[in-house]
2 protein chains.
Amino acid sequence: MADQGKGVTALGYALLGQISIASRSGYALRMVFETTPMGTYSSSPGSIYPALKSLCAKGLARTVGQGRGGRYEITTAGTELLDRWLRQPVTAEEVARRLDLALLRFAFLMAHPDRGLTHAFLRSFETATAARAAELKGFLETETGAAMPLQARLAVEHGQRSLETSARWAADSLRRLTAEQGE
Amino acid sequence: MADQGKGVTALGYALLGQISIASRSGYALRMVFETTPMGTYSSSPGSIYPALKSLCAKGLARTVGQGRGGRYEITTAGTELLDRWLRQPVTAEEVARRLDLALLRFAFLMAHPDRGLTHAFLRSFETATAARAAELKGFLETETGAAMPLQARLAVEHGQRSLETSARWAADSLRRLTAEQGE
DNA sequence: CCAACCATGTAAGCTGTTACATGATTGA
DNA sequence: TCAATCATGTAACAGCTTACATGGTTGG
């Protein structure tokens with residue numbers, strides 16, 4: 001019966017994640033996108049307000065109060081959906097097409113009561129990025145010189161090196177989070 | 001009179017760039033997306049064929065032949081539009097939101113007669129990625145401890161490190177291309 | 001009282017996604 | 001001849017972008 005998160009977009013999850021930490025007004029949510037690097041996930045009021053309405057229509061969020069003090073808060077169904085989303089492991093496919101979505105999950109895992117999830121995420125993130133980097137490397141090795149001029153190789157190498165950096169980031173982050181917990 | 005590339009999307013440029021190198025059938029173009037890392041820019045026939053039609057409707061491409069041997073080729077207007085696009089420098093704004101578009105330009109600059117453009121691109125790419133990385137670093141330094149838990153910092157750091165890698169890639173690529181020309 | 005900012009929206013247009021449909025050709 | 005692959009589409013739907021519109025509140 002639970003509609004499996006059908007149609008919740010990156011922006012939808014970005015909003016849901018925010019209000020799961022603390023209820024906020026639409027304007028306050030907008031400001032987060034405009035003043036922090038989370039801005040990658042949205043732009044203008046024309047996308048945020050409709051997205052909030054859509055979350056309400058799906059029963060994942062609700063409004064409390066109105067006018068000046070109106071805020072959005074997450075519902076039980078919203079919490080459950082967010083939880084299922086946060087538990088998804090990172091796949092090589094996701095890394096190839098939607099790395100931003102994976103990073104978004106990481107950011108919100110910060111507030112999740114199950115601290116083990118962050119560790120699981122980072123492990124699967126490291127595996128998936130390394131795997132995708134290897135795929136690109138394999139592609140470069142298969143395609144021989146003539147079929148692939150230097151400049152095309154360089155373009156693919158950008159992706160490869162970028163993903164290797166991501167994998168290292170995951171390993172480093174895991175260490176730092178573990179160190180913090182142990183203190 | 002020239003419609004300044006209004007409404008040409010990433011996929012549109014990806015297609016235009018391909019046929020500027022050699023005329024191809026729609027299917028051949030699809031296969032490029034399905035078998036190479038260029039696949040990031042598209043997915044299914046449902047997007048490629050309409051995009052090709054749209055290019056034709058805008059007078060940027062045309063079909064030659066039909067059925068089995070039908071191919072798409074670029075028009076003069078298409079060549080001019082592509083040229084203007086390829087000459088655009090990389091900005092910090094583009095790096096923040098559409099790094100993929102910048103990389104796409106790089107890949108097609110390979111076929112451009114003006115070899116100086118590739119060098120100009122790489123220099124502006126390096127500057128822009130480094131600038132954006134510095135922005136993120138500045139953000140991390142401004143936001144103090146309490147307002148920003150470790151895990152949120154780490155998420156931003158991912159972006160920062162990734163962009164630093166991009167900047168290094170640009171510098172390395174410039175060296176390698178210069179070396180190749182000098183041989 | 002006027003400008004600036006808070007706060008929330010609507011509407012048009014375009015793209016992309018998903019899923020389905022179709023016919024030709026070729027190798028087993 | 002039958003399956004796979006070549007090759008090209010269409011239709012429904014949903015989302016984002018851009019641009020515009022609207023009122024309340026507060027500081028100078």
Side-chain angles (χ1 to χ4, degrees), chain A residues 3-16 18-19 23-35 38-58 60-61 63-72 93-94 96-98 100-101 104, chain B residues 3-16 18-19 23-35 38-58 60-61 63-72 93-94 96-98 100-101 104:
Chain A
D3 53 84
Q4 295 292 352
K6 283 282 181 195
V8 177
T9 69
L11 177 54
Y13 282 118
L15 292 167
L16 212 49
Q18 303 256 7
I19 61 174
S23 70
R24 283 181 199 277
S25 72
Y27 186 75
L29 290 164
R30 241 188 82 195
M31 286 304 107
V32 172
F33 290 111
E34 272 182 21
T35 62
M38 182 116 56
T40 334
Y41 299 97
S42 174
S43 42
S44 49
S47 53
I48 291 173
Y49 291 109
L52 283 168
K53 275 199 154 182
S54 156
L55 290 178
C56 290
K58 290 180 180 112
L60 305 170
T63 54
V64 285
Q66 7 180 359
R68 81 231 167 282
R71 284 162 180 281
Y72 289 90
E93 221 283 320
E94 186 182 25
R97 309 200 128 266
R98 303 301 312 260
D100 58 330
L101 263 186
L104 192 60
Chain B
D3 52 81
Q4 294 292 354
K6 283 282 182 196
V8 177
T9 67
L11 177 55
Y13 282 118
L15 292 167
L16 212 49
Q18 303 257 6
I19 62 174
S23 70
R24 285 180 198 277
S25 71
Y27 186 76
L29 290 164
R30 243 188 80 197
M31 286 305 107
V32 171
F33 291 110
E34 272 183 19
T35 62
M38 183 117 54
T40 332
Y41 299 97
S42 173
S43 44
S44 48
S47 54
I48 290 172
Y49 290 108
L52 282 168
K53 276 198 154 185
S54 155
L55 290 177
C56 290
K58 290 181 180 112
L60 305 170
T63 53
V64 285
Q66 5 175 2
R68 79 226 169 286
R71 282 161 181 286
Y72 289 90
E93 221 284 317
E94 185 182 25
R97 307 199 130 267
R98 303 300 311 259
D100 59 331
L101 263 187
L104 193 59

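In what follows, chains are A, B, ... by sequence order, proteins preceding strands, each numbered from 1. As a basis for the values below, the full set of heavy atoms in this structure was taken, side chains included, without hydrogen atoms, waters or symmetry mates.
- Protein atom OH of A:Tyr41 is 18 Å distant from nucleotide atom P of D:dG15, rounded to whole Å.
- Between B:Ser42 and B:Leu11, the closest heavy-atom pair is CB-CD1, 3.6 Å.
- Among the heavy atoms of the strands lying under 4.0 Å from A:Tyr72 are primed sugar atoms or P, OP1, OP2 only; no base atom is included.
- Contact annotation: A:Thr9 side-chain N/O to D:dC16 OP1/OP2 distance is under 4.0 Å.
- Atom CZ of A:Arg24 and atom P of C:dT8 are 13 Å apart (whole Å).
- Within the structure, every side-chain polar atom (N or O) of B:Lys53 is placed at least 4.0 Å from both OP1 and OP2 of D:dT8.
- A:Arg98 meets the side chain to side chain donor-acceptor pair (under 3.5 Å) test with A:Asp100; sequence neighbours excluded.
- B:Leu101 has its CG atom 14 Å from the P atom of C:dT15, to the nearest Å.
- Residue A:Pro50 places its side chain closer to C:dT10 than to any other of D:dC16, C:dT10, C:dT8.
- Computed from coordinates, the A:Leu15 CG to C:dT8 C1' distance equals 14 Å when rounded to whole Å.
- Between the OH atom of B:Tyr13 and the P atom of C:dC14 there is a distance of 16 Å, rounded to whole Å.
- A distance of 11.5 Å separates CG in B:Leu52 from CZ in B:Arg30, rounded to the nearest 0.5 Å.
- Residue A:Ser47 is in base contact, counting any heavy-atom pair closer than 4.0 Å across all strands shown.
- Heavy atoms only, all atoms of each residue included: A:Ser25 and A:Tyr72 are closest at C-CD1, 4.4 Å.
- Rounded to whole Å, atom C1' of C:dG16 lies 9 Å from atom CG of B:Leu11.
- Between the side chain of A:Arg71 and the main chain of A:Ile19, no donor-acceptor pair closer than 3.5 Å is present.
- The two residues B:Leu16 and B:Leu60 come nearest to each other via the heavy atoms CD1-O, 3.8 Å.
- Taking every heavy atom of both residues into account, B:Ala51 and B:Leu15 meet most closely at CB-CD1, 3.7 Å.
- Considering only the side chain of B:Tyr49, D:dA7 comes nearest among D:dG15, C:dT10, D:dA7.
- Within the 4.0 angstrom heavy-atom criterion, only backbone atoms of the sugar-phosphate kind lie near A:Gly26; the bases stay farther away.
- The distance from atom CG of B:Leu29 to atom C1' of D:dT8 is 13 Å, rounded to the nearest whole Å.
- One can place CG of B:Leu52 at 9 Å from P of D:dT8, the figure rounded to the nearest angstrom.
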Show the distances under 3.5 angstrom between N or O atoms of the protein and N or O atoms of nucleotides 3-6 of chain D.
| from | atom 1 | to | atom 2 | distance (Å) |
| --- | --- | --- | --- | --- |
| D:dC6 | OP2 | B:Tyr27 | OH | 2.4 |
| D:dC6 | O5' | B:Tyr27 | OH | 3.2 |

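- Checking C:dT8, D:dT8, C:dT15 against every side-chain atom of B:Lys58, the shortest atom distance belongs to C:dT15.
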